[in-house]
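Letters A, B, ... are given to chains in the order of the sequence lines, protein chains preceding strands, and every chain is numbered from 1.
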2 protein chains.
Amino acid sequence: MSNINDVARLAQVSKATVSRVLSGSRGVKEASRLAVLRAADALNYKPSAIARSLTNQTTHCIGVICATEHVQQSTGYLQALEKQLSQHRKHLLLRFASDAHAVTQAVDELSGGLCDALLVVGARFALPEMQEEVIFIDCLSAPAALSISCDRRFAAQTAVEYLSRHQRRDIALINFSGGEAAQETLLGYREAAENHLIPFNRQRVIEGESSLRLALQKLINSGVKFNALLVTDDAQAQEAMAMLDDYQIRVPEQVLVFSLDGSTRLPGQAAIPAIEYSLEGIARRAVARLLGLGDPSDRVRGTLLCD
Amino acid sequence: MSNINDVARLAQVSKATVSRVLSGSRGVKEASRLAVLRAADALNYKPSAIARSLTNQTTHCIGVICATEHVQQSTGYLQALEKQLSQHRKHLLLRFASDAHAVTQAVDELSGGLCDALLVVGARFALPEMQEEVIFIDCLSAPAALSISCDRRFAAQTAVEYLSRHQRRDIALINFSGGEAAQETLLGYREAAENHLIPFNRQRVIEGESSLRLALQKLINSGVKFNALLVTDDAQAQEAMAMLDDYQIRVPEQVLVFSLDGSTRLPGQAAIPAIEYSLEGIARRAVARLLGLGDPSDRVRGTLLCD
DNA sequence: CTGTTAGCGCGTTCAT
DNA sequence: ATGAACGCGCTAACAG
């Protein structure tokens, strides 16, 4: 592979001029400009990305750590992210990690100057603190200031309104097990209920259970009536439906299951009503934040999705 | 971020010694070894991957260009590849590309010294020649010497044997539209048929049609009888089944559809018999080839998959 | 407008 | 065993 010196020699100019032409090309005589271009072309010269990185202290690489539980979910994100990144001439360095330890390790290995920044996607587990420049997408337990966060309050409100409109007023909620996401969701749920004159019944809200099965079990055991069930995502919805089926409770006739996040749903999957977030929108914001643009307090609003 | 000079200064040795200690070479007094280690730890020093790359002329990055038509297919490959690559301490630079032009562009952008090698996955379209170091996975129209290729002959044989065992002896084949893959598949089909005393009927083999619909149309119009249908992959199988349904032909009672490649099947998808290739095995071979190991003529054999 | 010089951070001689 | 010096390929600052 030829380097900048070869081009300079062939074009009869100095390295600096070659660099100027190929980088910002301002303030260069047209004659030498052409000479450089011609020489570069003749030698099939490609500037070395590494040498550039060393000088500029920037690699144009963004590390993406996929911590998605169900790998299928990651595909949509990856595609959306890659699209946004390549539009900004950034490269995507991919890494999968299925637990906190693996994430930490991935962060370590990617932060030897290899990446300009990191993105962690879909971590459902507790994450350790990190000093690197990291943005979190769809992660629970991540500092809000560094997260692309969904407007969960809005989602819950929208869901309750939809259900109310469909004469489902006994709405149960199996919430996130904690954190801001849980608070906001509950807030939206209560607000919308109030607006629609639906009395609040604490027994219909399950929080803090470690698994959906336990939560739903608790709900059913409590004996409280419900004809709609709000769950936090599609995976939960699937589980819930399977379990309701075991209990001979018909879906959606007896209980309408609603997913508060159906964004990573696959084409062939069962269509239950859900709030859907635009992966492209999320990716766009994430990339904007990486570039220092965008407002951290800005939240993504989902769309009601029902056939 | 601290650099090698800082460490050298703090450890009261020269850069060279620091480098020796951290690069594992022997011949360093134990005292200075410890001093360096201590200093590096104190400064939280990480050698710069980029500076290393510049001197070593190797980045440990492998570019992966996903040209998969249905993006869901890529997930399995990506996961398998990332696993193998990270085991060899390599990084995965991801790129999606949906046509030949996009692939070319991706190759261009990734080959400025940024990657040590490239991997193209799942291209179903014609690819241009490229001079970079590239390995092709699951691509049609790629030089055999650079491909991780499946033993299609074996797959077709296995399929025919399976069908014959299930009393389906009128086996139609909608083959690849050309290339070595088509030849091998046909070869396997004929060999197995011969072994099982199934007479060969050219009308049952459709080749060179641009789409499955056209091919199947042609097959049906020809009026030839068939009670089994071999197609090249799951996407084709889905289409075929939809079309057979339109024709009121019951699957599998009247026609058993068999997919010659069901590797990237999703969990929830309809289970038809298929040959499945181990994504891990494929990824392993691909990485081995990148590292200069492995035998180019070695082909991956699939496994019969039926519920 | 252009050439020269000095790094970016590290690995690797080559002397000592 | 170890330090000084050079080079990887490129860009930025400074002269001219």
Side-chain angles (χ1 to χ4, degrees), chain A residues 1-41 43-61 89 91 109-116, chain B residues 1-40 42-61 89 91 109-116:
Chain A
M1 200 55 179
S2 52
N3 65 23
I4 198 174
N5 288 303
D6 302 331
V7 179
R9 200 175 313 129
L10 183 59
Q12 313 257 42
V13 296
S14 73
K15 301 194 306 181
T17 302
V18 175
S19 175
R20 286 195 263 266
V21 171
L22 276 57
S23 301
S25 152
R26 45 156 178 267
V28 178
K29 208 201 319 180
E30 190 62 12
S32 19
R33 229 184 74 85
L34 291 175
V36 167
L37 258 25
R38 206 184 318 273
D41 189 63
L43 295 171
N44 187 27
Y45 165 73
K46 299 271 180 193
S48 154
I50 295 140
R52 270 197 172 149
S53 298
L54 188 59
T55 309
N56 302 338
Q57 295 293 318
T58 169
T59 64
H60 297 285
C61 284
R89 324 226 73 198
H91 299 293
E109 290 180 24
L110 292 181
S111 59
L114 233 175
C115 297
D116 293 342
Chain B
M1 201 54 179
S2 52
N3 65 21
I4 199 172
N5 289 305
D6 303 330
V7 179
R9 202 175 312 130
L10 184 59
Q12 312 259 41
V13 295
S14 74
K15 303 194 308 182
T17 302
V18 175
S19 178
R20 292 208 232 329
V21 171
L22 296 165
S23 303
S25 63
R26 304 296 171 198
V28 177
K29 207 196 329 181
E30 191 61 14
S32 22
R33 232 185 72 83
L34 290 175
V36 167
L37 258 24
R38 206 185 318 272
L43 295 172
N44 188 26
Y45 166 72
K46 299 269 179 193
S48 153
I50 295 139
R52 269 199 168 140
S53 297
L54 189 58
T55 31
N56 303 338
Q57 295 293 327
T58 169
T59 63
H60 297 284
C61 284
R89 324 226 76 201
H91 300 294
E109 291 179 24
L110 292 180
S111 60
L114 231 176
C115 297
D116 293 342

Using atom types as modelled and distance alone, determine if a side-chain donor or acceptor of B:Asn56 lies under 3.5 Å from a backbone N or O of B:Thr58.
-> no
Send over the distance from A:Arg9 CZ to D:dG9 P, rounded to a whole Å.
-> 12 Å
Please work out if B:Val13 contacts a base, only the sugar-phosphate, or nothing of the nucleic acid, heavy-atom cut-off 4.0 Å.
-> sugar-phosphate
Quick one: are B:Thr17 and B:Lys29 in side-chain contact, heavy atoms under 4.5 Å?
-> no
Less than 4.5 Å apart, any side-chain heavy atom of A:Arg89 and any of A:His60?
-> no
Value in whole Å for how far the P atom of D:dG9 lies from CG of A:Leu43 = 14 Å
Rounded to whole Å, CZ of A:Arg20 lies from C1' of C:dT4 at a distance of 10 Å
Is A:Pro47 close to A:Arg52 at the side-chain level, that is, under 4.5 Å between some pair of heavy atoms?
-> yes
Rounded to 10 degrees, the angle between the two terminal axes of the helix from C:dC1-D:dG16 to C:dT16-D:dA1, each from five pairs = 50°
State whether the side chain of A:Ser19 and the backbone N or O of A:Lys15 hold a donor-acceptor pair below 3.5 Å, judged by distance alone.
-> no
Find out whether B:Arg20 and B:Arg33 are in side-chain contact, i.e. whether some heavy atom of one side chain is under 4.5 Å from a heavy atom of the other.
-> no
Provide, to the nearest angstrom, the distance between the CD1 atom belonging to B:Ile50 and the C1' atom belonging to D:dT11.
-> 15 Å
Rounding to 0.5 Å, atoms CD1 (B:Ile50) and CG (A:Leu54) come to a distance of 7.0 Å
Tabulate protein N/O versus nucleotide N/O from nucleotides 6-10 of chain C, keeping only pairs under 3.5 Å, one per line.
{"unit_1": "C:dC8", "atom_1": "O3'", "unit_2": "A:Gln57", "atom_2": "NE2", "d": "3.2"}
{"unit_1": "C:dC8", "atom_1": "O2", "unit_2": "A:Thr55", "atom_2": "OG1", "d": "3.3"}
{"unit_1": "C:dC10", "atom_1": "OP1", "unit_2": "B:Tyr45", "atom_2": "OH", "d": "2.6"}
{"unit_1": "C:dC10", "atom_1": "OP1", "unit_2": "B:Ser48", "atom_2": "N", "d": "3.1"}
{"unit_1": "C:dC10", "atom_1": "OP2", "unit_2": "B:Ile4", "atom_2": "N", "d": "2.5"}
{"unit_1": "C:dC10", "atom_1": "N4", "unit_2": "B:Lys15", "atom_2": "NZ", "d": "3.0"}

Can any side-chain N or O of B:Thr59 pair as donor or acceptor with the backbone N or O of B:Leu114 at less than 3.5 Å?
-> yes
Protein-nucleotide distance (B:Leu22, atom CG; C:dT12, atom C1'), rounded to Å = 15 Å
Got B:Leu110 and A:His91 here, is their nearest side-chain heavy-atom distance under 4.5 Å?
-> yes
Is a side-chain N or O of B:Ser32 found less than 3.5 angstrom from the main chain of B:Val28, in a donor-acceptor match?
-> no
Lys/Arg N to Asp/Glu carboxylate O, B:Arg9 vs B:Asp6, below 4.0 Å | yes
Taking the nucleotide of DNA chain D with the closest heavy atom to each, which residue, B:Gln12 or A:Val18, is nearer the 5' end?
-> B:Gln12
Hey, can you pull the residues of residues 30-40 of chain A with a non-hydrogen atom under 4.0 angstrom from DNA chain D?
-> none
